[in-house]
There are 2 protein chains.
Amino acid sequence: MSGPPVNTTAPRARDEQERATTVASDGFGPRPRPTIRNVAERAGVSKSLVSLVLRGSPHVSEHRRQAVLTAARELGYRPNAVARSLVEGRTHLVGALVADLHNPFYAEFLDGLQESLHGDGLRLLIGNSQWDPAFEDEAVEAFLELRVDGLVLLGIAPTSETLIEATSYTPTVVVGERDIELDSVDIVVDDDQLGARLAVDHLVEHGHRRIAHIEGARSSAARFRCEGYLVAMRRHALAPYIMVEHGDFSEEGGRRAAHALLSRDPRPTAIFAANDVVALGVLTAATEMGLSVPEDLSVVGYDNTHLSSVHHISLTTVDQPRRAMGRSAAALLSDRIGDPAKVARLRQVTPQLVVRRSTGPVPQGADNV
Amino acid sequence: MSGPPVNTTAPRARDEQERATTVASDGFGPRPRPTIRNVAERAGVSKSLVSLVLRGSPHVSEHRRQAVLTAARELGYRPNAVARSLVEGRTHLVGALVADLHNPFYAEFLDGLQESLHGDGLRLLIGNSQWDPAFEDEAVEAFLELRVDGLVLLGIAPTSETLIEATSYTPTVVVGERDIELDSVDIVVDDDQLGARLAVDHLVEHGHRRIAHIEGARSSAARFRCEGYLVAMRRHALAPYIMVEHGDFSEEGGRRAAHALLSRDPRPTAIFAANDVVALGVLTAATEMGLSVPEDLSVVGYDNTHLSSVHHISLTTVDQPRRAMGRSAAALLSDRIGDPAKVARLRQVTPQLVVRRSTGPVPQGADNV
DNA sequence: CGCGGGGGAGACACATGTCAGGACCGCCAG
DNA sequence: CTGGCGGTCCTGACATGTGTCTCCCCCGCG
């Protein structure tokens with residue numbers, strides 16, 4: 001066992017007397033939380049009335065209402081969401097299962113998601129599967145036991161038994177995966193094929209012909225981007241120049257694939273990577289092979305991760321409107337929670353090319369080979 | 001209202017018949033979830049016995065145990081965590097309030113946190129305050145209503161009324177902030193002062209004297225790093241060369257501060273930034289002013305964010321063992337949940353210098369000015 | 001036959017929302 | 001003036017799904 005690099009664990013100085021007066025504790029840890037009953041007693045009413053006041057019922061006299069509110073405030077009363085959930089049959093919780101919290105794409109998506117869910121009175125619970133199907137199932141299991149009102153699957157297709165069963169119990173939105181033939185599952189994706197086309201078109205405008213593609217990991221998004229690349233190349237009558245190498249959505253994978261591509265003769269003058277992270281690997285490979293970007297090689301990524309906007313990198317890339325996608329997912333989910341029998345919907349957002357400094361005109365003499 | 005860039009929302013094709021057979025639904029959305037009662041009836045026992053079996057009681061005959069387990073499996077029974085929480089008085093939930101989910105530092109910390117919490121049977125609930133004190137209070141309010149068993153504050157010091165009150169009800173761990181005079185609050189930090197010393201020592205070893213510091217936002221971590229810088233400079237008898245500029249933990253802030261520093265005459269030959277993100281801004285400023293790194297200027301960051309390891313950036317930085325910190329926080333919290341009356345503890349981890357390519361020897365003739 | 005113990009059942013508690021009904025008041029008609 | 005009626009305000013009982021505790025039954029053994 002590798003111990004954590006902890007070098008100090010010390011009790012902090014404490015003034016026991018201050019503690020007693022500040023917290024008004026009995027010395028046995030946190031004080032018990034006041035219940036609706038305590039409020040009722042203090043206000044001299046029944047607990048039902050307290051409930052009515054707190055739920056904003058109009059059939060309460062102003063006199064009692066004030067008494068209840070005052071008592072609640074004085075006691076620092078906070079309704080117990082657990083008990084409320086039990087009787088309401090709703091938890092107002094949404095579970096988001098993320099394939100990889102590290103990917104900044106998901107973080108920004110979650111911003112938009114949480115923002116919108118919050119507006120609908122829903123709270124976000126995040127689980128991280130770390131790309132491990134076992135963790136996926138376990139996290140979903142936890143969500144189901146908690147009786148979350150909705151489920152959001154990020155970069156995860158419901159293929160396992162557990163996940164499929166989950167979608168039959170709980171309104172679900174899948175993000176970034178297509179081809180899901182399940183009812184009560186809405187889908188949010190960007191138009192990957194169009195995004196790929198934008199990238200290729202941009203490179204063609206700069207005179208590039210030998211445009212290669214590094215494919216992403218086994219996911220429908222990667223498949224669609226590759227397909228978009230192929231279609232666009234053919235449309236520009238560049239079918240003879242089609243080159244596809246396989247990467248795995250990682251920087252190292254991108255680096256390896258780029259090495260392979262750039263060792264060809266003639267080598268590509270431009271590379272469209274499945275991913276910003278992969279594109280970063282391409283940049284590294286280019287440096288290692290003594291090629292400068294964009295003079296010798298143009299590079300395009302996908303996602304417009306904040307990485308790509310860093311000055312030193314300045315990567316031309318395809319932007320997915322992540323926040324908007326998050327908001328869409330929230331809207332679809334709220335809708336489905338309201339009426340679970342709704343027809344499954346597919347919401348597709350439009351990607352946009354962001355031109356930075358990793359792309360430029362084709363090198364002189366490179367296209368007459 | 002700026003509409004989201006949605007271009008398609010279409011009903012997906014559905015085979016209603018398939019739906020009916022697959023989901024066995026009555027056409028009114030998700031089927032009701034089986035309860036412990038349903039399992040009891042199917043197994044021909046009382047619900048108490050089902051509970052005993054599921055909780056692993058030894059005083060159950062093998063015959064009945066099998067009957068119960070079979071019935072539960074056939075019904076797809078999953079215990080209702082809400083009801084269980086209500087009776088147990090524990091939710092097994094931990095709320096983490098993060099100042100900024102975008103900062104990769106927090107994401108990696110959360111990895112370690114979740115990993116360890118999971119081992120203790122606790123689940124992680126994440127709230128994002130976006131640096132807004134109003135959001136902080138609201139998120140904490142939500143956590144309190146949910147009756148989370150523990151609270152983790154990331155980059156947030158409990159100063160507001162609501163937060164202070166929260167710590168008196170709920171075991172709390174604060175990460176990255178010091179000087180908290182509250183009971184039942186444990187603290188996890190790295191030794192910021194030591195980290196700063198490591199950075200300065202490294203630069204001094206390379207012959208640098210005119211070493212500047214860009215201070216972070218108003219937080220105790222930033223204050224300690226600055227103090228560490230000052231102490232280290234004095235220890236090396238470099239007090240006359242002390243230069244401190246203010247940044248705000250953002251890339252843009254770092255860029256501005258670097259511009260100011262690099263416009264001085266004589267200008268610093270090295271900059272120690274409060275943060276990796278700030279350091280990125282310094283790199284940008286250097287490029288803009290025609291200075292190359294590390295030939296003309298050495299740059300050191302803090303955090304060892306994954307950003308710093310990107311090949312094109314390759315930033316020398318001070319590593320905080322984030323995952324280990326996450327695990328420490330989890331351990332402290334579990335401990336305190338077990339015994340809330342524990343004395344408050346401070347756990348300090350040791351930072352480590354990671355040398356990459358943004359630092360090098362002092363430029364020729366720069367130190368004889 | 002009595003007693004002990006294993007195995008199982010029923011009742012209660014957790015904190016809240018809801019709903020049916022009850023108390024009280026005022027107004028109107030007899 | 002009084003009884004009835006309608007409306008307002010409030011209360012008590014019940015329900016949500018589970019864990020636990022007490023009690024009971026029955027079987028086996030002494």
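If you're wondering where the values come from, they're calculated on a predicted model, not measured in any experiment. Lettering of chains follows the sequences in order, A, B, ..., and the numbering in each one begins at 1.
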- Query: What are the two closest non-hydrogen atoms of A/S334 and A/D120, and how far apart are they?
  - Reply: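 It is OG-OD2, 2.5 Å.
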Could you tell me the separation between the [atom1] atom of [X] and the [atom2] atom of [N], rounded to a whole number of Å?
X: B/K47; N: C/dG10; atom1: NZ; atom2: P; value: 9 Å
X: A/R64; N: D/dC9; atom1: CZ; atom2: P; value: 11 Å
X: B/L49; N: D/dT20; atom1: CG; atom2: P; value: 14 Å
X: B/R37; N: C/dA11; atom1: CZ; atom2: P; value: 11 Å
X: A/L52; N: C/dT18; atom1: CG; atom2: P; value: 9 Å
X: A/L86; N: D/dC14; atom1: CG; atom2: P; value: 18 Å
X: B/H59; N: D/dC26; atom1: NE2; atom2: C1'; value: 18 Å
X: B/I36; N: D/dT16; atom1: CD1; atom2: P; value: 14 Å

- Message: Taking B/E88 first and then B/R55, would you say they form a salt bridge - that is, a charged N and a carboxylate O separated by under 4.0 Å?
- Response: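 Yes, this pair counts.
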- Within the pair A/Y77 and C/dT16, is there a side-chain N or O less than 4.0 Å away from OP1 or OP2?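 So the side-chain polar atoms of A/Y77 do come within 4.0 Å of the phosphate oxygens OP1 or OP2 of C/dT16, strictly under.
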- Query: Are any of B/R33's side-chain N or O atoms less than 4.0 Å away from OP1 or OP2 of D/dG17?
  - Reply: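 No, no such contact exists.
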- Could you work out which one of C/dT16, D/dG12, D/dT20 sits closest to the side chain of A/N80?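 Per side-chain heavy atoms of A/N80, the pick is C/dT16.
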- Task: Check every atom of C/dT18, D/dG19, C/dA15 against the side chain of A/S51 and return the nucleotide holding the closest atom.
- Result: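 So the nucleotide nearest the side chain must be C/dT18.
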Heavy atoms only, 4.0 Å cut-off, all strands: where does [X] land among base, sugar-phosphate and nothing?
X: B/V50; result: nothing
X: B/S61; result: sugar-phosphate
X: A/V82; result: nothing
X: B/V87; result: base

- Message: I want to confirm an ordering. Mapping A/T35 and B/H63 to their closest nucleotides on DNA chain C, which one lands closer to the 5' end?
- Response: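 Of the two residues, B/H63 wins.
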- With a cut-off of under 6.0 Å to the ring centre and 45° to the axis, is A/R323 in cation-pi contact with A/F109?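 Negative - A/R323 is either too far from the ring of A/F109 or too far off its axis.
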- Flag side-chain contact, heavy atom, 4.5 Å: A/L113 against A/R327: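 No, every pair of side-chain atoms sits at 4.5 Å or beyond.
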- Message: Does A/S48 contact D/dG12 through a side-chain donor or acceptor facing the base, at a distance under 3.5 Å?
- Response: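 Under the 3.5 Å cut-off, the side chain and the base do form a donor-acceptor pair.
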- Out of B/I337, B/V188, B/V152, which residue meets the side-chain contact (heavy atoms from CB on, under 4.5 Å) rule with B/L332?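 It is B/V188; the other options fail the test.
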